[in-house]
Amino acid sequence: MRSRTSDGRTFADEARRRQIVECAIALIAESGYPQSSIAKIAERAGIAKSVVLYHFRGKDELVAAIVETVFAKSAAVMIPQIVAASTATERLRAYIASNGEFLDAHRPDAIALYAISSTYRDAEGRRFDEAVQASVDTDGVPPELALLDPESIFADGVRDGEFTTDTEPRVLKNILRAALDGVVGELARDDSFDVLTHTAAISDLFLTATGASR
């Protein structure tokens, strides 16, 4: 009898799915999302296209698995550092620093997700952000992944008087995420880009802009 995981897949199936996802991430990071067809991903993995389609019903389902994989990796790096911080200032510093650590240690994952978010359209024609929002509207956000949204950090800092800025928390979140996405954009152009120095500068700028105590 073949051992199975809690969702009914065999461990061999899970291993094959992970292999396909990792090959897809590597190919998308190197060649871009539009150029990474199911056939090319299968070739990268050394398997037939039919094997990929056995495990994933199409490219949308494979993209969903890639996103889940990358978010899980980022959560493993970031969440322990964020929850260990006791103040909004410490959480903001931990959020940015740990995000930098993730980007630095998982460069292909970050570049692949950036490429997908920039060019993806699902079968219904929705952009990546629209597809993600539709998923959130349907299923909600897992509590652990909510910690990866910095809006609550800014809101808590303003509420508790740690941050003296009058800028709305959502605006601050959007500016921070754009700055961190800019890091990935640089990384996609130059694989030797100094991620940690860049994210340290972002941290200094945001701590100053919010009026946070050092």
Side-chain angles (χ1 to χ4, degrees), residues 13-47 52 55-56 58-83 94-122 127-133 135-136 139 141-142 144-150 173 176-200 202-203:
D13 286 342
E14 286 294 332
R16 178 64 80 186
R17 284 172 62 89
R18 286 194 299 271
Q19 179 206 15
I20 293 168
V21 167
E22 292 299 334
C23 286
I25 287 170
L27 184 60
I28 292 169
E30 291 176 9
S31 304
Y33 175 72
Q35 291 73 32
S36 300
S37 64
I38 293 290
K40 289 183 178 178
I41 291 167
E43 182 180 357
R44 178 78 176 230
I47 57 179
V52 177
H55 291 283
F56 300 97
K59 204 171 180 184
D60 284 350
E61 190 172 295
L62 178 53
V63 166
I66 291 169
V67 172
E68 182 180 346
T69 296
V70 176
F71 269 98
K73 291 179 182 180
S74 66
V77 174
M78 295 176 65
I79 288 177
Q81 297 186 51
I82 295 170
V83 299
Y95 178 91
I96 298 172
S98 62
N99 201 318
E101 289 176 23
F102 165 72
L103 297 178
D104 190 49
H106 298 274
R107 294 179 177 224
D109 299 270
I111 294 169
L113 189 59
Y114 178 78
I116 290 169
S117 68
S118 302
T119 56
Y120 173 79
R121 293 275 181 171
D122 69 8
R127 299 188 312 270
F128 179 76
D129 60 316
E130 294 173 326
V132 169
Q133 187 59 56
S135 176
V136 169
D139 303 321
V141 178
E144 64 275 12
L145 292 187
L147 292 169
L148 299 181
D149 182 354
K173 175 196 77 170
L176 176 56
R177 289 306 322 164
L180 291 169
D181 285 345
V183 174
V184 188
E186 291 293 336
L187 184 57
R189 288 185 284 273
D190 176 9
D191 61 9
S192 66
F193 182 69
D194 189 345
V195 171
L196 298 181
T197 295
H198 197 112
T199 51
I202 291 173
S203 182

Run Leu62 and Ile66 through side-chain contact (heavy atoms from CB on, under 4.5 Å) and show every step you take. CA-CA 6 Å; Leu62 178 53; Ile66 291 169; 4.2 Å; yes
Does Lys59 count as lying over the ring of Tyr120, i.e. NZ or CZ under 6.0 Å from the six-ring centre, within 45 degrees of the axis? no
For Phe56 and Ala65, the nearest pair of non-hydrogen atoms, with its separation, is CE2-CB, 3.6 Å
Show your reasoning for whether side-chain contact (heavy atoms from CB on, under 4.5 Å) applies to Val132 and Val67. CA-CA 10 Å; Val132 169; Val67 172; 5.6 Å; no
Give a yes or no answer on whether the side chain of Ser74 reaches the backbone of Phe71 with a donor-acceptor pair at less than 3.5 Å. yes
Given Leu180 and Tyr95, is the side-chain contact (heavy atoms from CB on, under 4.5 Å) satisfied, shown in steps? CA-CA 11 Å; Leu180 291 169; Tyr95 178 91; 3.9 Å; yes
Looking at Pro34 and Thr119, what are the two nearest heavy atoms and their distance? CD-OG1, 3.7 Å
Taking the side chain from Tyr33 and the backbone from Ala112, do they hold a donor-acceptor pair closer than 3.5 Å? no
Are Lys40 and Glu30 close enough for a salt bridge, meaning some N to O gap below 4.0 Å? no
Using the side-chain contact (heavy atoms from CB on, under 4.5 Å) rule, take Ile20 and Ile47 through it: C-alpha gap first, then chi angles, then the decisive distance, then the call. CA-CA 9 Å; Ile20 293 168; Ile47 57 179; 3.8 Å; yes
Asp122 and Ala131: which non-hydrogen atoms are nearest, and at how many Å? OD2-CB, 3.9 Å
Please indicate whether Gln133 has more than 12 foreign heavy atoms, meaning atoms of other residues, nucleotides or ligands, lying under 6.0 Å from its CD. yes
Hey, could you give me the CD/OG distance between Glu43 and Ser37, rounded to the nearest 0.5 Å? 8.5 Å
Pairwise distance CG(Leu187) to CG(Leu103) - rounded to 0.5 angstrom: 7.5 Å
Pairwise distance CD1(Ile96) to NE2(His198) - rounded to 0.5 angstrom: 11.0 Å
To the nearest 0.5 Å, atom CD1 of Ile25 lies from atom CD1 of Ile116 at 7.5 Å
Can you name the closest pair of heavy atoms from Arg107 and Phe193 and give their distance? NH2-O, 3.2 Å
Nearest 0.5 angstrom please: Met78 CE to Glu101 CD, how far? 9.5 Å
What is the minimum heavy-atom distance between Arg121 and Asp60, and which atoms define it? O-OD1, 4.3 Å
For Asp181, is there an ion pair with Arg177 - N to carboxylate O distance below 4.0 angstrom? yes
Residue pair Thr69 / Glu22, side-chain heavy-atom distance below 4.5 Å: yes
If you compare all heavy atoms of Ile41 against all heavy atoms of Ala24, which two are closest, and at what distance to 0.1 Å? CD1-CB, 3.8 Å
Does Thr199 use its side chain to pair, donor to acceptor, with the backbone of Leu196 at less than 3.5 Å? yes
